[in-house]
Visitor: 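Quick one: structure below, then a few questions.
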Amino acid sequence: MEIEQIRQLIRQETNFRVGSGFDVHQLVSGRPLILGGVQLAFDLGLEGHSDADVLVHAIMDALLGAACLQDIGVHFPDSDPQWKGANSLHLASAVADLLRQNNWQIVNIDALIIAQRPKMSPHFSAMSHNIALALGLEDMQVSVKATTTEKLGFCGRGEGIAATASALLRRLP
């Protein structure tokens with residue numbers, strides 16, 4: 001069997017795909033802290049070319065990875081001025097459109113914010129809702145949670161915030 005025939009067979013037989021994503025941004029003064037499209041009251045924000053929403057960035061990478069559509073740096077490069085200050089939820093909507101164009105349906109997303117502070121749990125519902133809305137999903141398809149690093153590492157020292165995400169996609173006929 002030729003390599004291309006094997007690839008074609010895999011594409012036909014693979015109905016579900018899992019992807020993972022990770023992002024991290026440095027905390028700095030003078031910027032808002034936006035996570036999951038929610039602006040949190042905090043004295044520091046995340047540095048980045050766009051709004052630096054690490055949660056949404058990790059989710060987008062998980063989705064793109066599951067569909068083998070590269071990563072957000074390819075689709076929304078930080079060297080392109082059109083993405084300067086971009087709302088990450090708008091970028092996530094574009095990723096969802098790209099998935100639909102490639103016959104993928106999002107089944108669910110599980111995401112984790114890694115930060116010592118601020119307290120995230122009061123915002124989980126709003127974050128999940130914003131992300132679900134941007135991706136055309138039901139709120140219950142998006143799980144957002146958080147953990148600290150017990151004051152270890154750059155997140156524990158309050159130097160940055162990281163996020164990881166997993167996504168499950170289903171191929172549409």
Side-chain angles (χ1 to χ4, degrees), residues 1-26 34-38 46-115 120 124 126-147 155 160-173:
M1 215 180 242
E2 299 279 331
I3 293 288
E4 191 51 44
Q5 290 173 315
I6 293 170
R7 285 184 178 146
Q8 191 172 29
L9 182 62
I10 290 170
R11 282 188 205 109
Q12 292 170 358
E13 297 299 320
T14 307
N15 293 324
F16 290 92
R17 299 285 297 272
V18 175
S20 61
F22 175 81
D23 195 34
V24 61
H25 285 273
Q26 182 179 8
I34 300 170
L35 295 168
V38 176
L46 294 170
E47 181 65 40
H49 186 69
S50 66
D51 62 8
D53 189 329
V54 294
L55 176 60
V56 175
H57 293 182
I59 289 169
M60 288 190 294
D61 270 341
L63 293 168
L64 290 166
C68 289
L69 294 172
Q70 300 179 307
D71 62 34
I72 62 172
V74 170
H75 295 276
F76 312 106
D78 61 8
S79 58
D80 189 334
Q82 77 173 315
W83 308 122
K84 179 79 173 154
N87 180 323
S88 292
L89 291 173
H90 294 157
L91 304 181
S93 290
V95 168
D97 288 342
L98 183 62
L99 293 174
R100 284 188 283 276
Q101 291 165 16
N102 284 274
N103 297 319
W104 290 106
Q105 177 184 40
I106 303 167
V107 176
N108 76 301
I109 294 164
D110 183 35
L112 175 69
I113 303 164
I114 306 161
M120 302 291 169
F124 290 159
M127 291 175 187
S128 294
H129 177 74
N130 290 343
I131 294 162
L133 192 62
L135 298 173
L137 303 174
E138 298 294 324
D139 289 7
M140 64 181 263
Q141 290 176 273
V142 180
S143 169
V144 174
K145 54 196 180 295
T147 191
C155 289
I161 294 178
T164 66
S166 298
L168 177 63
L169 303 182
R170 181 176 75 88
R171 181 165 306 274
L172 297 172

Visitor: Considering residues at least two apart in sequence or located in another chain, which fulfil the ring-ring contact (aromatic ring centres under 6.0 Å, His included) criterion with F76?
Guide: W83
Visitor: Just wondering, do M127 and L55 contact through their side chains at under 4.5 Å, heavy atoms?
Guide: yes
Visitor: May I ask you to say whether K84 pairs ionically with D78, meaning some side-chain N is under 4.0 Å from a carboxylate O?
Guide: no
Visitor: Please examine the side chains of L172 and W104, heavy atoms only from C-beta on, and report whether any two atoms are closer than 4.5 Å.
Guide: no
Visitor: Find the distance between NE2 (H75) and CG (D80) and round it off to the nearest 0.5 Å.
Guide: 13.5 Å
Visitor: Taking ring-ring contact (aromatic ring centres under 6.0 Å, His included) as the test, write out the residues that go with H129, two or more places apart.
Guide: none
Visitor: Minimum heavy-atom separation for V56 and A92, please, with both atom names.
Guide: CG1-CB, 3.9 Å
Visitor: Minimum heavy-atom separation for S93 to A134, with atom names?
Guide: OG-O, 2.8 Å
Visitor: Compare all side-chain heavy atoms of R17 with those of L168 and state whether any distance is below 4.5 angstrom.
Guide: no
Visitor: What distance do N102 atom CG and L169 atom CG have between them, rounded to the nearest 0.5 Å?
Guide: 10.5 Å
Visitor: Quick one: pull up CZ in R171 and CG in N15 and give me the separation to the nearest 0.5 Å.
Guide: 8.5 Å
Visitor: Please report the C-alpha distance between L69 and L99 in whole Å, then the side-chain angles of each, then the deciding distance to 0.1 Å, and finally whether the side chain to side chain contact (heavy atoms under 4.5 Å, CB included) criterion is met.
Guide: CA-CA 9 Å; L69 294 172; L99 293 174; 4.1 Å; yes
Visitor: Look up atom CD1 in I114 and atom CZ in F22, then write down how far apart they are to the nearest 0.5 Å.
Guide: 6.0 Å
Visitor: Taking the side chain as C-beta and beyond, is there a heavy-atom pair between Q105 and R170 under 4.5 Å?
Guide: yes
Visitor: Tell me, do D139 and I131 make a side-chain contact under 4.5 Å, heavy atoms counted?
Guide: no
Visitor: Enter the distance from I59:CD1 to L91:CG here, rounded to the nearest 0.5 Å.
Guide: 13.0 Å
Visitor: State, with a plain yes or no, whether a side-chain heavy atom of I106 is found less than 4.5 Å away from one of L63.
Guide: yes
Visitor: For S88, which of D51, D53, N130 qualifies under side chain to side chain donor-acceptor pair (under 3.5 Å)?
Guide: D51
Visitor: Would you mind reporting whether V74 and L64 have side-chain heavy atoms less than 4.5 Å apart?
Guide: no
Visitor: Show the numbers, then the answer: is there a side chain to side chain contact (heavy atoms under 4.5 Å, CB included) between I161 and L46?
Guide: CA-CA 8 Å; I161 294 178; L46 294 170; 4.0 Å; yes
Visitor: Would you say the side-chain atoms of S166 and D110 include a donor-acceptor pair closer than 3.5 Å?
Guide: no
Visitor: So M120 and K145, do their side chains get closer than 4.5 Å, heavy atoms only?
Guide: no
Visitor: Roughly how far, to the nearest 0.5 Å, is the CG atom of L89 from the OG atom of S50?
Guide: 10.5 Å
Visitor: Check C155 against A162 and note the closest heavy-atom contact, atom names and distance.
Guide: SG-N, 3.8 Å
Visitor: If I compare all heavy atoms of D61 with all of I72, which pair ends up nearest, and what's the gap?
Guide: OD1-N, 2.8 Å
